[in-house]
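Taking it in order: structure first as structure tokens, then the write-up.
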Amino acid sequence: MTISLLLTVLWSATMVFGLIFGLSYWHDRTKLYNGILFNLFLFSFLATLASSILNSDNTLLIYGTGIPFVFIVFSLALLFVLQAFLLLWNAWIVWRRESHSLANSLTLYLGVFILVFPFIERLITPHLTSFWASWLSFFSSFITLYIVFLVLQLPDMLSVVPTLLA
């Protein structure tokens with residue numbers, strides 16, 4: 001496949017995702033899957049745009065967009081690393097103001113889990129068989145992807161949280 005045909009296919013797929021999101025959002029703005037569709041459109045748009053920029057062979061354009069991109073990626077990585085501490089801070093606030101029920105302690109448990117699990121994984125993995133070590137690696141990757149999904153869906157889920165807690 002030539003580069004121009006590949007870019008045409010990528011831009012067409014991005015436009016289809018955008019159209020699906022637009023129609024879904026126009027039909028009913030309150031659905032949670034609108035956030036998923038928007039993220040699908042956004043990430044396909046960003047990947048297609050990056051592919052178009054890198055295939056343009058324009059050095060000024062590549063460096064002009066690459067440097068801010070690297071800064072944004074490092075900022076998001078820093079926020080992801082700080083997520084555990086933000087969860088613990090939220091748990092501390094909830095612990096002071098509300099009852100000590102299981103539902104009010106979930107951010108505490110999640111924050112402690114995010115901080116402690118990598119150390120536990122490094123300690124146990126050498127002592128496991130290859131099957132259990134691969135399963136633990138899969139579980140760790142799954143948990144990481146799930147937490148990333150929650151971070152990406154957070155703006156969409158903020159309107160749903162009061163409904164879930166009611």
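- Taking 4.5 Å as the limit, every side-chain heavy atom of Phe38 sits out of range of all side-chain heavy atoms of Tyr33.
- The environment of Arg96 atom CZ is dense: over 12 non-hydrogen atoms of other residues, nucleotides or ligands sit within 6.0 angstrom.
- Under the 4.5 Å side-chain contact rule for hydrophobic residues, Val16 and Phe45 share a cluster.
- Between Phe41 and Phe21, the angle of the ring planes stays under 30°, which puts this pair in the parallel group of the 30/60° scheme.
- Asn34 contributes atom CG, which lies 11.0 Å from atom CG of Asn39 (distance to the nearest 0.5 angstrom).
- Contact between Ser51 and Leu7 at its shortest, heavy atoms only, is OG-CD2, 3.5 Å.
- Pairing each heavy atom of Leu128 with each of Ala133, the nearest pair is CB-N, 4.0 Å.
- No continuous path of hydrophobic side-chain contacts links Phe85 to Val94 [ILVMFWY only; heavy atoms under 4.5 Å].
- For the pair Tyr25/Thr30, no side-chain contact is recorded, criterion being any heavy-atom separation below 4.5 Å from C-beta on.
- No path of Ile, Leu, Val, Met, Phe, Trp and Tyr side chains, each step under 4.5 Å between heavy atoms, connects Leu108 with Trp92, placing them in separate hydrophobic clusters.
- Between the OG atom in Ser44 and the CH2 atom in Trp11 there is a gap of 9.0 Å [rounded to 0.5 Å].
- In terms of hydrophobic clustering, with Ile, Leu, Val, Met, Phe, Trp and Tyr side chains grouped at heavy-atom distances under 4.5 Å, Val112 and Trp89 are assigned to different clusters.
- Of the residues listed (Val9, Thr48, Leu40, Leu49), the one engaging Thr14 in a side-chain contact (heavy atoms from CB on, under 4.5 Å) is Thr48, and it is the only one.
- Shortest non-hydrogen contact noted between Lys31 and Asp28 is CE-OD2, 3.0 Å.
- Summarising the geometry, atom CD1 belonging to Ile62 is positioned 11.5 Å from atom CD1 belonging to Ile67; distances are rounded to the nearest 0.5 Å.
- Rounding to the nearest 0.5 angstrom, the gap separating the CZ atom in Phe69 from the CG atom in Leu46 is 8.0 Å.
- Asn90 contributes no side-chain N or O that, together with a main-chain N or O of Leu86, makes up a donor-acceptor pair within less than 3.5 Å.
- Although no hydrogens or angles enter the test, the distance criterion places a donor-acceptor pair under 3.5 Å between the side chain of Ser56 and the main chain of Ile53.
- Listed here is the closest heavy atom pair of Glu121 and Leu136: CG-CD2, 3.8 Å.
- Under the 4.5 Å side-chain heavy-atom criterion for ILVMFWY residues, no single connected hydrophobic cluster contains both Leu19 and Phe43.
- Leu88 places a side-chain heavy atom less than 4.5 Å from the side chain of Leu115.
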